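A short worksheet on the structure shown next.
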2 protein chains.
Amino acid sequence: MSKENQRDVIVNRLKSKGLRVTPQRFAVYANLCSRRDHPTVEQILKDLNQDFPISSQATVYTSLQALRKVGLVKEVLLEEGVSRYDANVEPHHHFHCRQCGSIKDVPWDTFDSFNLEHLPYLAESYEVTIRGLCDRCTGNN
Amino acid sequence: MSKENQRDVIVNRLKSKGLRVTPQRFAVYANLCSRRDHPTVEQILKDLNQDFPISSQATVYTSLQALRKVGLVKEVLLEEGVSRYDANVEPHHHFHCRQCGSIKDVPWDTFDSFNLEHLPYLAESYEVTIRGLCDRCTGNN
DNA sequence: TTCTGAGATTAGAATTATTCTGAGATAGTA
DNA sequence: TACTATCTCAGAATAATTCTAATCTCAGAA
């Protein structure tokens, strides 16, 4: 996504829900968009404040909540006690490497679509979590 | 699983890894086996100590770790900040109700087995997480 | 049976992640 | 430009989990 698109998207989404567009929220979103590694709050904060202070920890938390509320960010829960965040909100699956801990996006069309009609529940979404060794860790485990 | 089987299973598994079979570990495992609701540490502890104190919080944590180490218990991560535990270690999937929060086991054979060969990773296990409304919550949402 | 040491339990302290508080700052409207 | 609801932030509060170190227990040795 281009920088211009990024700005348009966040402005429109936040505004449509009556939320303000602030430099902190934009910075959090831009940071998430710029990386593919599903960072934690701590990692985002460290990144944002690398050159000069731009945000506090509490603000990263509340910014992520705001971004989640408007559907720009998703939470990723794969490890105990670790909440990670992802700006890729298109449906996709996740791979989690048990050795290096890295998390990779797995394309939605990797699996045939499931027929969830015959479950006794109303399924609204689903996701496959795959665990094992990533490309960099196979061979040297 | 019968009470007798439960005892055999836990004794053999713990012993085979050089771990002791203690009343606390057995109580945690028995409690997990007796319920289908994927309880949290807090819920297990409350259950165990209902009639008289049998275990401390720290012991529930370490017992669960021991039981996980020998493969008798699995952790279930579906909600932010909530670790749940499951004595059903057979491969299966999970359904999570967004309204009442209940978690249901979904049989392994609900989905055709996936071909994970063409992923650029070594897949060792996978699981499908389905979200939506459970049978009790559909109709009154 | 008694002794002994490694492992287990425990209360409470420590740590860590997240949320709350309330005072000051600011985005966006008019 | 002025106004005001919302946002930010430092620090306090809360909650989940782990650590500490003192005591206890049990399996095997004597």
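Just so it is clear: chains get the letters A, B, ... in the order the sequence lines come, proteins before strands, and each one is counted from 1. In what follows, every heavy atom counts, from backbone to side chain, and hydrogens, waters and symmetry copies are set aside. Computed from a predicted model, the values in this text were never measured in an experiment.
Counting non-hydrogen atoms under 4.0 angstrom, A:Gln57 reaches a base of the nucleic acid. Using a 4.0 Å heavy-atom cutoff across all strands shown, A:Thr40 reaches no nucleic acid atom at all. Using a 4.0 Å heavy-atom criterion, one finds that B:Gln24 contacts the sugar-phosphate atoms exclusively. If you check every strand for non-hydrogen atoms under 4.0 Å, A:Val21 touches sugar and phosphate atoms only. Here A:Thr22 lies in heavy-atom contact (under 4.0 Å) with sugar-phosphate atoms only. Residue contacts for B:Ile54: at a heavy-atom cut-off of 4.0 Å it reaches the sugar-phosphate backbone alone, with no base atom in range.
A close approach under 4.0 Å does not occur between any side-chain nitrogen or oxygen of A:Arg20 and OP1 or OP2 of C:dT26. Here B:Ser56 reaches the OP1 or OP2 of C:dT10: one of its side-chain N or O atoms lies under 4.0 Å away. Here B:Ser83 reaches the OP1 or OP2 of D:dT17: one of its side-chain N or O atoms lies under 4.0 Å away. Put simply, A:Tyr61 has no side-chain N or O that comes within less than 4.0 Å of OP1 or OP2 on C:dT19.
Side chains of A:Leu77 and A:Val82 form no contact here, defined as non-hydrogen atoms less than 4.5 Å apart.
Positionally, the nearest nucleotide of DNA chain C for B:Thr62 lies more toward the 5' end than for the other of B:Thr62 and B:Glu80. For A:Pro23 and B:Ser63, each mapped to the nucleotide of DNA chain C holding its nearest heavy atom, the one lying further toward the 5' end belongs to B:Ser63. Nucleotides of DNA chain D nearest to B:Gln65 and A:Arg25 differ in position, and the one nearer the 5' end is that of A:Arg25.
Atom pair A:Phe52:CZ and D:dC9:C1' shows a separation of 17 Å (rounding to whole Å applied). What separates CG of B:Leu45 from P of C:dT9 is a distance of 13 Å, to the nearest Å. Between A:Arg7 atom CZ and C:dA27 atom P there is a gap of 11 Å when expressed in whole angstrom units. Rounded to whole Å, atom P of C:dG7 lies 14 Å from atom CG of B:Leu14. Look at CG on B:Leu77: it is 10 Å from P on D:dT17, rounded to the nearest Å. Regarding B:Leu64, its CG atom lies at a distance of 12 Å from the P atom of C:dT9, rounded to whole Å. Atom OH of B:Tyr85 and atom P of D:dT17 are 6 Å apart (whole Å). Between B:Glu79 atom CD and D:dA15 atom P the separation is 17 Å, expressed in whole Å.
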Intermediate values then yes/no, side chain to side chain donor-acceptor pair (under 3.5 Å), B:Thr59 and B:Thr62: CA-CA 5 Å; B:Thr59 302; B:Thr62 56; 4.8 Å; no
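In the displayed structure, B:Asp112 atom CG is contacted under 6.0 Å by at most 12 heavy atoms of other residues, nucleotides or ligands. In B:Glu42, the CD atom is not crowded: 12 or fewer heavy atoms of neighbouring residues, nucleotides or ligands sit closer than 6.0 Å.
For the residue pair B:His94 / B:Asp105, a side-chain donor-acceptor distance below 3.5 Å is found, with atom types taken as modelled. At a cut-off of 3.5 Å, with distance as the only test, a side-chain donor of B:His92 or B:Asp86 sits close to an acceptor on the other residue.
Summarising the base pairing, D:dG28 is matched to C:dC3 through a Watson-Crick or G-U wobble pair whose two defining distances lie under 3.5 Å. For C:dA27, the paired base is D:dT4 (Watson-Crick or G-U wobble, both distances below 3.5 Å).
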